[in-house]
Amino acid sequence: MQLKILSLGDEYAVSAGRYLAKTAKSDDVKIVAGFMTLSDSSLENHLKMIARDIPVYHFECNSEGSVRLNEMNDVSASKILDWFDWDYITIQQSMNKAGIPESYEPFISEITEIIRQKCPRAEIVINETWAFENDSSEPLFELFDNNTQTMADKIRTACINAAAAGNIRIVFPTGEAWSKARKESFCRLTSEDGCHASRCGEFLASALWYEILTGNDIRKNSYRLPFVESHITTRLKDIAHETAEKYSLHK
């Protein structure tokens, strides 16, 4: 099996797919994981850059199963969309607007229209990103009463509504998987800032994506996070599987 996946977003999108190719390699599956990013960029700003084809994107591509990526700066959207015959293209709202429903439209619908014209075979996906930790000092967290679950619920609702508006059938439930893991408190999913993903958080997202995209049971995958206790990796895989089962593309 070989899949080519492109993620449009910011540095959080890179985090979500960080271990995707490496996890796939352990199953003898080849995944080309590409990341088309613009730091802290909202969907509104992405639309401006894509529609005008301005060469501002950072493009990273990983097809060798290494966490280290090949990188290029100042690349246009059209060049990236033409780079491969992409199977899936994920879209993610910036973290400062992810939980604000009105920030998605009409921008996501117009972005998907452009993508569908350029890549008619690609399946478009919305990535429902994670909420901040309750101890986060990020100022925008105040929009959600500094409450992790409130933010998670808002992001979930915004993504579901945006998917319906943009005729997008798949939403990666990354935030839902994170909420499950947080209830058990067996590892920290964010770095010390309470916003960016830790390695455990990155792996949970990638494990979830992997099972949804391939249909392979992530629990049977041999990849283990280095320098992390094996029981933590095992439980992260369990949670990824439990979440992915409801959203499988291969039933």
Side-chain angles (χ1 to χ4, degrees), residues 7-23 33 35-43 45 58 60 62 66-69 71 73 90 92-100 103 127-156 158-159 172-210 218 223-240 242-243:
S7 295
L8 168 65
D10 54 17
E11 59 271 23
Y12 290 90
V14 179
S15 285
R18 177 84 66 192
Y19 291 95
L20 192 54
K22 198 169 186 66
T23 300
F35 303 92
M36 173 180 166
T37 61
L38 192 56
S39 184
D40 298 321
S41 185
S42 66
L43 290 173
N45 194 50
H58 181 73
E60 306 180 22
N62 181 346
S66 169
V67 176
R68 186 175 179 81
L69 305 171
E71 304 181 33
N73 291 312
T90 75
Q92 181 173 309
Q93 178 62 292
S94 59
M95 288 298 284
N96 63 342
K97 294 193 174 181
I100 304 172
S103 72
N127 181 42
E128 169 209 331
T129 192
W130 54 85
F132 298 158
E133 294 287 353
N134 280 325
D135 61 6
S136 173
S137 59
E138 172 60 46
L140 71 89
F141 199 28
E142 294 178 3
L143 294 174
F144 309 100
D145 300 322
N146 296 301
N147 185 280
T148 298
Q149 193 58 53
T150 298
M151 186 176 182
D153 292 342
K154 293 281 190 180
I155 293 172
R156 179 72 177 158
C159 288
F172 282 161
T174 307
E176 182 177 334
W178 271 50
S179 292
K180 287 177 183 287
R182 279 172 163 151
K183 289 177 181 177
E184 299 184 25
S185 302
F186 62 93
C187 68
R188 185 175 174 96
L189 300 177
T190 63
S191 59
E192 291 182 0
D193 67 4
C195 306
H196 292 83
S198 67
R199 285 190 299 159
C200 288
E202 291 179 335
F203 177 72
L204 177 56
S206 294
L208 174 73
W209 287 27
Y210 175 74
I218 187 63
Y223 181 71
R224 297 281 173 182
L225 269 175
F227 311 112
V228 173
E229 294 177 77
S230 61
H231 76 274
I232 291 177
T233 303
T234 297
R235 187 60 193 136
L236 290 170
K237 288 181 179 181
D238 288 341
I239 291 170
E242 291 163 9
T243 308

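Everything numeric in this text was worked out from a predicted model, so none of it was measured.
Between Met95 and Thr129 there is a side-chain heavy-atom pair separated by less than 4.5 Å. Within the 4.5 Å cutoff, side-chain heavy atoms of Ser42 are placed close to those of Asn45. When side chains are defined from C-beta on, Arg18 does not count as touching Arg199, because their heavy atoms never get closer than 4.5 Å. Within the 4.5 Å cutoff, the side chain of Cys195 has heavy atoms near those of the Tyr12 side chain. Within the 4.5 Å cutoff, no side-chain heavy atoms of Leu189 are placed close to those of Trp130. With a 4.5 Å cut-off on side-chain heavy atoms, Arg182 and Gln149 do not count as touching. Looking at heavy atoms from C-beta onward, Lys183 lies out of side-chain contact with Ile239 at the 4.5 angstrom threshold. Side chains of Thr233 and Tyr223 form no contact here, defined as non-hydrogen atoms less than 4.5 Å apart.
Cys187 approaches Ile232 most closely through the heavy-atom pair CB-CG2, 4.0 Å. Contact between Ser136 and Gly194 at its shortest, heavy atoms only, is CB-O, 3.8 Å. Counting all heavy atoms, side chain and backbone alike, Gln92 lies closest to Asp10 at NE2-OD1, 4.0 Å. Ser179 approaches Ala152 most closely through the heavy-atom pair OG-CB, 3.9 Å. Contact detail for Asn127 and Ala16: the closest heavy-atom pair is ND2-CB, 4.1 Å. The two atoms that bring Cys200 and Arg188 nearest to each other are CB-O, 3.9 Å, heavy atoms only.
A donor-acceptor pair is defined here as one N or O able to donate and one able to accept, closer than 3.5 Å; such a pair exists between the side chain of Glu128 and the backbone of Glu176. For the pair Ser15 (side chain) and Ala197 (backbone), a donor-acceptor distance under 3.5 Å is absent.
To the nearest 0.5 Å, atom CG of residue Leu236 and atom NZ of residue Lys180 are 13.5 Å apart. From Leu204, atom CG reaches atom CG of Leu225 across 10.0 Å, with rounding to the nearest 0.5 Å. Rounded to the nearest 0.5 Å, atoms NZ (Lys237) and OG1 (Thr23) are 7.5 Å apart. The distance from atom CZ of Phe186 to atom OG1 of Thr234, rounded to the nearest 0.5 Å, is 10.0 Å. With rounding to the nearest 0.5 angstrom, the CG atom of Leu43 is 3.5 Å from the CD atom of Gln93. The NZ atom of Lys22 lies 12.0 Å from the OG atom of Ser206; values are rounded to the nearest 0.5 Å.
The side chain to side chain donor-acceptor pair (under 3.5 Å) test with Thr150 is passed by exactly one of Asn147, Asn146, Asp153, Thr148: Asn147.
Environment of CD in Glu242: crowded, with over 12 heavy atoms of neighbouring residues, nucleotides or ligands closer than 6.0 Å.
Classification of the Phe203-Tyr19 ring pair by plane angle, with boundaries at 30° and 60°, yields perpendicular.
Side-chain N/O atoms of Thr174 and Trp209 include a donor and acceptor closer than 3.5 Å.
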Criterion side-chain contact (heavy atoms from CB on, under 4.5 Å) on Asp193 and Glu133, from CA distance to verdict: CA-CA 9 Å; Asp193 67 4; Glu133 294 287 353; over 6 Å; no
Criterion side-chain contact (heavy atoms from CB on, under 4.5 Å) on Glu11 and Asp40, from CA distance to verdict: CA-CA 8 Å; Glu11 59 271 23; Asp40 298 321; 3.4 Å; yes
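Salt-bridge formation is not detected for the pair Arg235/Glu229: no Lys NZ or Arg NE/NH1/NH2 atom is positioned less than 4.0 Å from an Asp or Glu carboxylate oxygen.
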